[in-house]
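Excluded from the calculations below are hydrogen atoms, water molecules and symmetry mates; all remaining heavy atoms, backbone and side chain alike, are included.
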Amino acid sequence: MRFWIDDYRNPYDHVKDWGKNGDVWSKSYEEFLMNLQICLDQEKRIEHIYYDYNLGPAETGLDCARLVTSKNWEWALNENTTWSSHSSDPYGREKIVALMDSWREKRNLI
């Protein structure tokens, strides 16, 4: 299962094979949390996360990355999980990728 986190951009316009494997588009932190819970209730793991940084007036894609790497949620990820950021905000993109890479290093998954 892949997650696209973006309040504006449509994943069908950016990912060639989007929607073929139960992919999920979350437009906010709240939607991401809800969709993540559904995914985990079905015992599915995340294959790839496409992050945007700016998600409107509240939380950001970085908050989503912090959530999924927290102790209570990191089991949604595994050694094969990948991520990327398509954010046009260079600061946000860098912070998201750095956090996810750091999580992988701490788990000795590299």
Side-chain angles (χ1 to χ4, degrees):
M1 175 172 286
R2 296 177 300 177
F3 279 86
W4 177 269
I5 305 170
D6 197 312
D7 62 332
Y8 180 71
R9 292 177 200 91
N10 186 327
Y12 289 96
D13 296 335
H14 299 278
V15 180
K16 182 178 178 180
D17 62 344
W18 183 261
K20 294 188 178 182
N21 295 314
D23 298 328
V24 178
W25 180 8
S26 298
K27 296 181 181 180
S28 67
Y29 175 87
E30 291 79 17
E31 276 188 31
F32 177 66
L33 178 58
M34 179 186 70
N35 290 326
L36 181 61
Q37 183 63 57
I38 291 168
C39 173
L40 298 180
D41 285 348
Q42 297 171 359
E43 297 186 13
K44 295 180 181 178
R45 297 295 177 266
I46 298 172
E47 296 169 22
H48 187 88
I49 304 175
Y50 300 90
Y51 289 101
D52 184 25
Y53 180 73
N54 298 306
L55 299 177
E59 287 90 354
T60 67
L62 181 58
D63 294 310
C64 294
R66 287 180 180 135
L67 173 72
V68 80
T69 59
S70 69
K71 269 193 179 204
N72 292 334
W73 292 95
E74 70 178 350
W75 64 278
L77 307 172
N78 64 39
E79 66 275 0
N80 298 317
T81 302
T82 56
W83 48 83
S84 59
S85 177
H86 56 274
S87 180
S88 59
D89 181 323
Y91 168 83
R93 184 175 53 246
E94 180 181 321
K95 291 294 185 184
I96 290 168
V97 171
L99 174 65
M100 295 302 296
D101 289 348
S102 174
W103 173 83
R104 180 168 300 238
E105 288 176 20
K106 287 179 186 175
R107 298 298 171 266
N108 295 318
L109 299 175
I110 53 173

Quiz item: With a 4.0 Å cut-off, would you call D7 and K27 a salt bridge?
Solution: no
Quiz item: Pick from L36, N72, L62: which one makes a side chain to side chain contact (heavy atoms under 4.5 Å, CB included) with L67?
Solution: L36
Self-check item: Pairwise distance SG(C64) to CD(E30) - rounded to 0.5 angstrom
Solution: 8.5 Å
Quiz prompt | Point-to-point distance, once rounded to the nearest 0.5 Å, from CG of L77 to CD1 of I49 | solution = 5.5 Å
Quiz item: Looking at CG of N78 and CZ of R45, how far apart are the two atoms once the value is rounded to the nearest 0.5 Å?
Solution: 8.0 Å
Exercise. Indicate if W83 and L99 have the same hydrophobic cluster label, given that clusters are the connected sets of ILVMFWY residues with side-chain heavy-atom separations under 4.5 angstrom.
Key: yes
Quiz item: Would D17 and K20 pass as an ion pair if we require N to O under 4.0 Å?
Solution: no
Self-check item: OG on S28 to CG on L55, rounded to 0.5 Å
Solution: 7.5 Å
Practice problem: Take I5 and D52, measure what side-chain contact (heavy atoms from CB on, under 4.5 Å) needs, and give me the verdict at the end. | Solution: CA-CA 6 Å; I5 305 170; D52 184 25; 5.7 Å; no
Quiz item: Any sub-3.5 Å donor-acceptor pair from N21's side-chain atoms to D23's backbone N or O?
Solution: no
Self-check item: Check: R93 and Y53 side chains under 4.5 Å, non-hydrogen atoms
Solution: no
Quiz item: With under 30° as parallel and over 60° as perpendicular, where do the rings of H14 and W4 fit, or are they tilted in between?
Solution: parallel
Quiz item: Which distance, rounded to the nearest 0.5 Å, do you find between the CD of E94 and the OG of S85?
Solution: 10.5 Å
Exercise. Drop me the distance from M34's CE to I38's CD1, to the nearest 0.5 angstrom.
Key: 5.0 Å
Quiz item: side-chain contact (heavy atoms from CB on, under 4.5 Å) between E47 and T81: does it pass, once the steps are laid out?
Solution: CA-CA 5 Å; E47 296 169 22; T81 302; over 6 Å; no
Quiz item: With the threshold set at 4.0 Å, does a side-chain nitrogen-carboxylate oxygen contact exist between D6 and R9?
Solution: yes
Quiz item: Does Y50 have its ring centroid less than 6.0 Å away from the ring centroid of F3?
Solution: no
Exercise. Please assess F32 against D63 for the test side-chain contact (heavy atoms from CB on, under 4.5 Å), listing each intermediate value before the final yes or no.
Key: CA-CA 10 Å; F32 177 66; D63 294 310; over 6 Å; no
Self-check item: Heavy-atom closest contact (W25 atom, Y8 atom, distance)
Solution: CZ2-O, 4.5 Å
Practice problem: Search all heavy atoms of C39 against all heavy atoms of M1 and return the closest pair with its distance. | Solution: SG-SD, 3.4 Å
Exercise. Report yes if some heavy atom in the side chain of L33 is under 4.5 Å from a heavy atom in the side chain of W73; otherwise report no.
Key: yes
Exercise. Give a yes or no answer on whether the side chain of T69 reaches the backbone of A65 with a donor-acceptor pair at less than 3.5 Å.
Key: yes
Quiz item: Can Y51 and V68 be said to form a side-chain contact (heavy atoms from CB on, under 4.5 Å), step by step?
Solution: CA-CA 12 Å; Y51 289 101; V68 80; 3.5 Å; yes
